[in-house]
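Here the structure is laid out as structure tokens; the discussion comes afterwards.
We count ligands from 1, going down the list as the structure has it; atoms in each ligand are counted the same way. This chain uses plain numbering: 1 for the first residue, then up along the sequence.
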Amino acid sequence: MFDLHQRLEARRAAGLQRFRRQVEGPAGPLQRIDGREILSFCSNDYLGLAGHPAIAEALRRGSLAYGTGSGSAHLINGHSRAHHALEEALAEFVGRPRALLFSTGYMANLGTVAALVGRGDSVVEDRLNHASLIDAGTLSGAKRLRYAHADVDSARRQLSRAEGDTLLLTDGVFSMDGDVAPLPALVEAARECGAWLMVDDAHGIGVHGSGGRGTLARYGLGQQDAPVLMGTLGKALGTAGAFVAGDEDLIEYLIGAARTYLFTTAMPAALAEATLQALTLAREEEWRRERLSELIVRLRGGAAALGLTLMPSDTPIQPILIGDSAQALAVADALWAQGILVPAIRPPTVAEGQARLRITLSAAHEPEQVDRLLETLAAVLASPVGSVAADAT
Ligand code: PMP
């Protein structure tokens with residue numbers, strides 16, 4: 001009966017038990033973490049907006065106008081003018097007729113997928129999709145078919161085995177590898193099989209495409225190509241929450257059928273005010289995306305010169321493959337000892353033998369901070385800890 005102590009011991013013995021660090025101060029490359037000044041390369045604040053004073057001011061204004069809590073679900077009386085204005089702005093931003101706000105990206109995926117498909121239907125998923133899309137497929141009760149990562153032939157084979165209404169589900173940018181989904185080919189495959197493509201662009205909104213309109217926009221794809229688009233607000237936009245965008249019927253249907261929309265308190269209206277401000281900055285301040293691109297090139301060039309194994313990514317997610325879990329952890333610990341936070345990502349989050357350092361960049365990083373990361377990595381790799389790690393790649 002519920003021997004949690006024993007379960008925890010087993011998790012600890014397997015090195016799977018997680019712990020949390022305590023952060024002080026606004027999000028940004030330099031933060032006080034567990035009482036120390038740390039240079040961090042692990043946030044999803046890609047545009048450097050999470051600590052922006054204009055957004056904090058909009059949050060303050062919003063909370064004075066609307067209070068701190070929305071008080072109820074959207075369908076009771078939690079849906080404010082600010083929420084509505086944000087939905088309209090997001091729809092316009094991604095070039096679709098309508099958008100619907102959810103309190104988190106996880107909830108947006110669960111609610112949307114489970115509303116669209118059920119028993120007798122199918123979901124076809126990339127094996128490396130985010131946990132929330134995988135869980136959404138399971139929760140829906142639809143037949144679940146997974147395809148090899150970014151492999152469109154494999155996706156086609158699984159689509160041919162699908163039954164009923166079928167959703168082809170993919171991340172736009174894969175969160176642990178940083179690569180971009182082969183969207184044009186997936187659009188074709190879905191179209192040929194009469195499936196709907198749904199893209200989770202949590203890591204692409206604000207980062208890719210003109211004005212940061214997302215990964216579909218990067219390929220010139222839109223509503224006709226992928227009828228369901230999910231984006232999050234807690235990454236490049238620097239606030240919290242998520243949205244689903246699509247046509248009129250999709251959004252009206254989700255309002256009544258997505259249980260994670262119906263049965264939860266609306267996000268605070270102040271957060272919607274803050275996100276409206278964030279959206280304006282994200283679309284207008286092109287220099288943030290340009291700076292991010294420069295930092296990505298700088299990091300990749302430096303890492304390649306050190307002989308590190310990079311992954312094929314041109315996004316702010318830049319993993320360095322180490323291979324062995326214990327070695328990845330040892331390198332991350334050595335960086336931490338030098339005041340740099342880069343998480344080691346290990347199985348079961350990634351496949352066995354694929355442990356990595358997951359570096360994420362932000363427009364708020366200085367080029368010199370990237371250089372410091374590279375210099376410190378070089379020193380760690382030259383040390384006994386690191387040379388074993390390098391051998392393991
Ligand atoms: N999808 C992807 C690809 C993600 O990386 C995340 C967050 N890590 C989510 C969905 C969930 O979004 P949220 O954090 O808003 O719940």
Check your understanding: R157 versus Y147: any side-chain heavy-atom pair under 4.5 Å?
Key -> no
Review point. Mind checking whether M107 has a heavy atom under 4.0 Å from ligand 1?
Key: no
Review point. Between M230 and ligand 1, does any nitrogen or oxygen pair lie at a separation below 3.5 Å?
Key: no
**Study point:** Any N or O of H203 closer than 3.5 Å to N or O of ligand 1
**Key:** yes
Point to revise | Mutual orientation of the aromatic rings belonging to Y261 and H74 [parallel < 30°, tilted 30-60°, perpendicular > 60°] | key: parallel
Exercise for review: Could you see which bit of A242 sits under 4.0 Å from ligand 1, with heavy atoms only: side chain, backbone, both or neither?
Suggested key: neither
Exercise for review: Could you tell me whether some N/O pair between D171 and ligand 1 is separated by less than 3.5 angstrom?
Suggested key: no
Revision key, fill the gap. CZ of R98 to CG of D249, rounded to nearest 0.5 Å, is 10.0 Å
Review point. What atoms in ligand 1 come closer than 4.0 Å to a heavy atom of S132?
Key: 1 (N), 10 (C)
Check your understanding: Taking the six-membered ring for Trp, are H149 and F174 parallel (under 30°), tilted (30 to 60°) or perpendicular (over 60°)?
Key -> perpendicular
Point to revise | Any donor-acceptor N or O pair under 3.5 Å, side chains T215, H208 | key: yes
Check your understanding: For atom 7 (C) of ligand 1, which protein heavy atom lies nearest, and how many Å away is it?
Key -> K235 NZ, 2.5 Å
Check your understanding: For ligand 1, which atoms, with element, lie under 4.0 Å from some heavy atom of G105?
Key -> 11 (C), 12 (O), 13 (P), 15 (O), 16 (O)
Point to revise | Taking every non-hydrogen atom, the tightest pair across S40 and H365 | key: O-NE2, 2.9 Å
**Study point:** For A202, the ligand 1 atoms whose distance to one of its heavy atoms is below 4.0 Å
**Key:** 1 (N), 2 (C), 3 (C), 4 (C)
Point to revise | Any N or O of D200 closer than 3.5 Å to N or O of ligand 1 | key: yes
